[in-house]
Student: 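Below you will find the structure I want to go over with you.
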Amino acid sequence: MSSVATFEVEGSIGIITVDSPPVNALGINVRRALDEGFKRFSSDAAVEAVVLVCDGRTFFAGADISEFDKPQEGPDLQAVFDLIEGGSKPVVAAIHGTALGGGYELALICHYRIAVPSAKVGLPEVNLGLLPGAGGTQRLPRIVGVPAALDIITGGKPIAANAALELGMIDALAAEGKLREDAIAFARQIVAENRPLLRVRDRNEKLEAAKGDPDLFDAYLAKNARAFKGFKAPGNIVRAVQAAVETAPDFDAGMARETELFIELRDSAESAAQRYYFFAERETAKIPGIAKDTPLLPVKSVGVVGAGTMGGGIAMNFLNIGVPVSLVEMSQEALDRGIGVIRKTYEAAAAKGRMSPDQVEKRLGLITPCIGLETLGEVDLIVEAVFEQMSVKQDIFAKLGAIARPGAILATNTSFLDVNKIAEASGRPEHVVGLHFFAPANVMRLLEVVRGTRTDLSVIATAMKLAKQIGKVPVLSGVCDGFIANRAMRARGDQADQLVLEGTPLEAVDQAACGYGFAMGPFQMMDLVGLDVIGRDSTEQTVMSELVARDRLGLKRNGGYYDYDDKRQGSPSPVAREVIAGLAEARGVPQIPTEGSEEILARLLYPVVNEGARILEEGIAVRASDIDVALITGYNWPVYTGGPMFWADTIGLPKIVAKLKEYEGRFGESFKPAALLEKLAAEGGSFTR
Ligand code: T1G
């Protein structure tokens, strides 16, 4: 008797029910249970067909990702698959929840697939730097055809049951809540009709069209070169699907090629980083000292103070999940403008088919436009998103402290001001928390939850949970200038400025950053965001402030670090070069350009690791992997490096310490290695292993 499965017979239908929380991952115990169950029913003459179903939240959600770094144990997935595919009885996969990766590949091995309408199926291995290594690249094109299979597998996104039915990824829909009985009825019907034992591997007709188009795969890679840049998995996926086409009808030959390409990815640094990131992203919600059952405060209505770019984006997060928002501005004109921007954003999404016109109206209908704060007396959560000035925020929080209902959560979206000072102004600091959204607030996944010294645990627990409900990745931060993401990445920005003042061409700095995997370099990013936006809070004289003074705001006006042609193509600007040289001379900066991308990267990124170590040792971040999650979700740090702290471990901490000490000798103590970094390096320790 298995500990994770039950085996029953109803009439002539054998039923294998697996229950292995949290997601029925195909770990060793599940594989053993499947091995036992299929052996039992294949030798039971009374059983004419088998239904495979799961209890809990979902059908099998894939291989057990935590097993990849351990020695393989017990029957492997292929052995279980061979039992099913080599059997003489039809097997029906009964799908609910999210049948993903190896879970959906297991469903593809079964002869038939039935799902409830709320179910989703997919092959998301690409998000782990992998490819579907249990036949997914060989079977899916045989069902949906090559073009759709390429998109589904390189995209890695789940497919809703209705769309899956249309594509042929499932064969039937069950009634919601009646999966087991409908699957058994479906199995009985298959037996009664004596349907053929159709194996997906024997279906080759859908591959024919691609056989006649040998350039299809190279063309697909060329078309997606930008999206796939830096990632290994998409290329291997395309080659595995190509093998399916080129070796058909010899399925085993295609499988052999898939296995080769899978092992190459499984053993790659990129996949190790992306598997690390998968768990790191889920770890952020676990806060030492805050029990899982900490009572949560209700958040059924929200007030957003400020309908500007940030306030409007923040409001949309709540509108998107059906929570009514009282949107506050100080004038009708500002309010109308803010709501107009929200409407435009939704209408643009509707124009792309991402939402229906009536969803647009429904969400806009959840907005209560308000002039002044007085109307916020009943809401459960108030998020302030006004001008980044302490006195303005303190004034607002003093008023909110008097207006908001008892127990309401008061949140500030400040990106660097002291949350404790804002909290004190409210008169109820235990209910004040920072909710630091990243622009665009309705798009970026990172949400820094900033705990004040006196913030109540239930307020923190509620904010962390709420973040996930609005589709964000919450990272808890203590109070400091810049919290986690901005503070760590400022270290890169400072070095970029210093490098160009020393005579290193700015385009060399950007190229090094892009070569590492950033979508754009620091100067390209500043030009894109707008130099007036980025530099608005600084008072010192910098290259940026000098460019702004010349009305050079970046891409949006007159260029910035780069000049732009009418196709928005940038070329290094002589004006920027002149400003840099002038400032360098005025400051007496020795002109020693840094040569080569590796050295430029060490200058740019080792200080980020060092700042991360300081953020850790000051207790601002709960754990090193939270810093990685913050920079990956907040700054698009390339996920296949694992983030700065994981990457530092792969580089080797002693090497980083030695380099920082060299820089300290040349450029001063800003490069002094953090005590924690030195300690770990000396002890052979690591941040994330
Ligand atoms: N392996 C191990 N643990 C997993 C897991 C998995 N596949 N999926 C989830 N967990 C854990 C997760 O760490 C968390 O643990 C808990 O389950 C709840 O997850 C051979 C090689 C299924 C959509 O990529 O997308 O099959 O934090 O918080 O928001 O070709 O989990 O509670 O301790 O995400 O409801 C392919 C990955 C694997 C699916 C549910 N499969 N999982 O989301 O819960 S590789 C995947 C998900 C593979 C084959 C290849 C999501 C979910 P803890 P959660 P959720």
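Every value quoted in this text rests on a predicted model; they were computed, and no experiment measured them. For ligands, and for the atoms within them, numbers begin at 1 and follow the listed sequence.
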Student: Any idea which protein heavy atom is nearest atom 3 (N) of ligand 1, and the distance to it?
Tutor: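 Nearest neighbour among protein heavy atoms for atom 3 (N) of ligand 1, to 0.1 Å: Phe279 CE2, 4.0 Å.
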Student: Just checking, any donor-acceptor pair under 3.5 angstrom between side chains of Gln78 and Asp82?
Tutor: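 Yes - a donor-acceptor pair under 3.5 Å links their side chains.
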Student: Taking only Lys NZ, Arg NE, NH1 and NH2, and the carboxylate oxygens of Asp or Glu, determine whether Arg201 and Asp252 approach each other closer than 4.0 Å.
Tutor: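 Yes.
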Student: Are Asp218 and Arg239 ion-paired here, with the side-chain N under 4.0 Å from a carboxylate O?
Tutor: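 Judged by the 4.0 Å cut-off on N to carboxylate O distance, Asp218 and Arg239 do form a salt bridge.
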Student: Which atoms of ligand 1 have any heavy atom of Phe68 under 4.0 Å away?
Tutor: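 Near Phe68, meaning under 4.0 Å from one of its heavy atoms, ligand 1 has 21 (C).
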Student: Out of curiosity, is Thr58 lining ligand 1, as in a heavy atom under 4.0 Å away?
Tutor: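 Flag not set, Thr58 not near ligand 1.
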Student: Where is the nearest protein heavy atom to atom 15 (O) of ligand 1: which residue, which atom, and how far?
Tutor: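 The closest one turns out to be Pro22 CG, 4.6 Å.
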Student: Of all the non-hydrogen atoms in the protein, which one sits nearest to atom 51 (C) of ligand 1, and at what distance?
Tutor: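 I find the closest protein heavy atom is Arg282 NH2, 4.0 Å.
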Student: Closer than 4.0 angstrom: is that true for some heavy atom of Glu67 and an atom of ligand 1?
Tutor: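 So Glu67 does not count as touching ligand 1.
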Student: What protein heavy atom is closest to atom 1 (N) of ligand 1, reported as residue, atom name and distance in Å?
Tutor: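 Result for atom 1 (N) of ligand 1: Ile65 N, 2.9 Å.
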Student: Please confirm whether Glu105 comes within less than 3.5 Å of ligand 1 when only nitrogen or oxygen atoms on both sides are compared.
Tutor: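 Glu105 vs ligand 1: N/O contact under 3.5 Å present.
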Student: List the atom pairs, with distances to 0.1 Å, where a side-chain N or O of residues 289-301 and a protein N or O form a donor-acceptor pair under 3.5 Å, not counting sequence neighbours.
Tutor:
residue	atom	partner	partner atom	Å
Thr294	OG1	Ala291	N	3.2
Thr294	OG1	Ala291	O	2.7
Ser301	OG	Asp380	N	3.2

Student: Just checking, any donor-acceptor pair under 3.5 angstrom between side chains of Thr58 and Thr98?
Tutor: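 Yes.
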